[in-house]
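Comments concern the structure below.
In what follows, every heavy atom counts, from backbone to side chain, and hydrogens, waters and symmetry copies are set aside.
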Amino acid sequence: MYYKGVYYKVPSQKILEKKKDKVQVLAEKFKKAKMIVLTEYRGISVEDDTKLRATIRNNGDEYSVVKNSIIAHAAKEAGIEGLDNLEGPTAVVIGYEDYVTPAKAVNDYAKDNEFYTIKAGVMDGKMIEVSEVKKLANLPSKDTLYAMLASALLGNIRNFAVVIDLSLIHI
């Protein structure tokens, strides 16, 4: 197609349908996600990328590289505002179970690799600042919090048992 003397390649209907399907699938994932972290992955080696993907998948989360236009359309369809002006290559980390593990995986990797940066975060469908993603990354994991709670509860029960035992000795 020519427009003002410049030739533009118009995508075929088949390609447009594939892109619409990708937008639809990503929008559904965005709707189900508790936490979404968008990163710039430029400069990452294949070996490091494989390790990062494995870490993220072992946590039950998803990692994929997606075109910015597809992210923007999927976010709009999922009711998320603010993801329409992304630039550069973007990787999307989606967490379905909790908020901390996707943020922690990406933040830990970014600490060791200055070229790998966090672009944005989405928590429960609302945009959050990069600083908030980093704060989430520094929280203990859900399993660690459960262990801390169990320890505190068991400590109180043990102390109670000691007091009861001491009071029985004096009777």
Side-chain angles (χ1 to χ4, degrees), residues 1-137 139 141-142:
M1 173 176 99
Y2 280 97
Y3 179 73
K4 294 187 179 184
V6 178
Y7 178 75
Y8 293 95
K9 186 176 179 182
V10 178
S12 69
Q13 191 64 30
K14 186 176 178 181
I15 292 172
L16 288 175
E17 288 301 319
K18 282 184 180 180
K19 287 185 179 184
K20 285 180 185 177
D21 290 343
K22 286 180 181 180
V23 167
Q24 201 67 3
V25 168
L26 190 59
E28 287 303 314
K29 289 179 180 184
F30 282 176
K31 289 176 187 176
K32 292 177 186 175
K34 285 190 174 190
M35 183 72 184
I36 303 166
V37 182
L38 301 157
T39 65
E40 174 140 355
Y41 72 96
R42 185 186 334 241
I44 186 171
S45 70
V46 173
E47 182 181 337
D48 287 343
D49 184 54
T50 303
K51 287 178 187 174
L52 180 59
R53 285 176 189 263
T55 300
I56 290 169
R57 287 186 181 134
N58 287 340
N59 293 335
D61 302 327
E62 287 186 33
Y63 176 96
S64 57
V65 176
V66 183
K67 288 184 166 259
N68 291 335
S69 60
I70 291 176
I71 293 170
H73 290 297
K76 185 176 180 181
E77 192 169 310
I80 301 168
E81 296 179 14
L83 294 179
D84 51 356
N85 57 354
L86 295 171
E87 293 180 9
T90 305
V92 179
V93 179
I94 302 174
Y96 299 104
E97 298 300 319
D98 69 47
Y99 306 98
V100 176
T101 55
K104 187 179 285 298
V106 169
N107 191 55
D108 289 349
Y109 186 79
K111 284 180 186 176
D112 297 333
N113 302 282
E114 72 277 350
F115 55 83
Y116 192 82
T117 59
I118 299 171
K119 289 183 176 184
V122 178
M123 189 168 143
D124 290 329
K126 304 283 186 238
M127 288 289 297
I128 60 173
E129 299 290 324
V130 172
S131 61
E132 294 176 73
V133 174
K134 291 180 180 183
K135 285 178 187 174
L136 280 170
L139 291 174
S141 69
K142 186 170 38 172

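Heavy-atom contacts from other residues, nucleotides or ligands closer than 6.0 Å to CD of Glu97 number 12 or fewer.
Asn68 approaches Gly88 most closely through the heavy-atom pair ND2-O, 2.9 Å. Minimum interatomic distance between Tyr96 and Asp61 (heavy atoms only, all atoms of both residues): N-OD1, 3.9 Å. Nearest heavy atoms, Asn59 versus Ala105: ND2-CB, 4.3 Å. Nearest heavy-atom pair across Gly125 and Ile80 is O-CG1, 3.7 Å. Summarising the geometry of Glu114 relative to Thr117, their closest heavy-atom pair is O-CG2, 3.9 Å, with the distance given to 0.1 Å. Smallest separation of non-hydrogen atoms from Pro89 and Arg42: CD-NH2, 3.3 Å.
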| task | Take Leu136 and Glu132 through the test side chain to side chain contact (heavy atoms under 4.5 Å, CB included) and record every step on the way to the result. | result | CA-CA 6 Å; Leu136 280 170; Glu132 294 176 73; 5.8 Å; no
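Gln13 and Glu17 share a side-chain donor-acceptor pair at under 3.5 Å.
Salt-bridge annotation for Lys51 and Glu47: present, with a side-chain N of the basic residue lying under 4.0 Å from a carboxylate O of the acidic one.
Rounded to the nearest 0.5 Å, atoms CE (Met127) and CD1 (Ile36) are 9.5 Å apart. For the atom pair CG of Asn85 and NZ of Lys119, the computed distance is 10.0 Å after rounding to the nearest 0.5 Å. Once rounded to the nearest 0.5 Å, the distance linking OG1 of Thr90 with CG of Leu83 reads 9.5 Å.
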